Amino acid sequence: MMANGWKTPKQIQQDYGISQGTFYDWKQKCESSQFKDAIIRPTGKNTFVVEQRWQEFLIWRSEEHEKDLLDPHLRIQKESRI
C-alpha cells in the first residue's frame, strides 16, 4: 500500500477477494455515486483507489442493497424509526 492510503486496482482485488470484473463493475458504480472521489485517474492508463473512501462506498452500497431486499412494508416501518 502506498503511504497515502491509496491502492492500485490489483491490490484492491487481492485485498478484498474480488475478481477484476467485479472490481470494474463496482468502480463504475462508485464513480457514479457521491463516493466518486474514491477513484483517482491521473491518466487514462493509471487508476488508484483511496481505500478509506472505497470502504465508505462499500458500506453505503451494502446498506442500499439491504434496503432493496426489504419488503416494502418493512422498509417504510424501518425508515419511520430513523
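What you see below is based on every heavy atom in this structure, not just the backbone, and it leaves out hydrogens, waters and symmetry mates. Predicted model, so just to flag it, every value in this text is computed and none were measured.
- In this structure, the separation between CD on Glu51 and CZ on Arg53 is 13.5 Å, given to the nearest 0.5 Å.
- Taking CD of Glu56 as the reference point, atom CD of Gln34 lies at 10.0 Å (rounded to 0.5 Å).
- Through direct or relayed side-chain contacts under 4.5 Å between Ile, Leu, Val, Met, Phe, Trp and Tyr, Trp60 connects to Ile12, Tyr16, Ile18, Phe23, Tyr24, Trp26, Phe35, Ile39, Val49, Trp54, Phe57, Leu58.
- Across all non-hydrogen atoms, the minimal contact from Asn46 to Phe48 is CB-CE1, 4.1 Å.
- Between Lys36 and Glu31 there is no salt bridge, since no side-chain N of the basic residue sits under 4.0 Å from a carboxylate O of the acidic one.
- Judged purely by atom type and a 3.5 angstrom limit, Gln55 has no side-chain atom pairing as donor or acceptor with the backbone of Gln52.
- Between Lys27 atom NZ and Thr47 atom OG1 the span is 5.5 Å, to the nearest 0.5 Å.
- Rounding to the nearest 0.5 Å places OG of Ser62 at 11.0 Å from NZ of Lys67.
- The distance from the CD atom of Gln13 to the CD atom of Gln20 is 5.5 Å, given to the nearest 0.5 Å.
- Taken from CG in Asp37 to SG in Cys30, the straight-line distance is 8.0 Å, to the nearest 0.5 Å.
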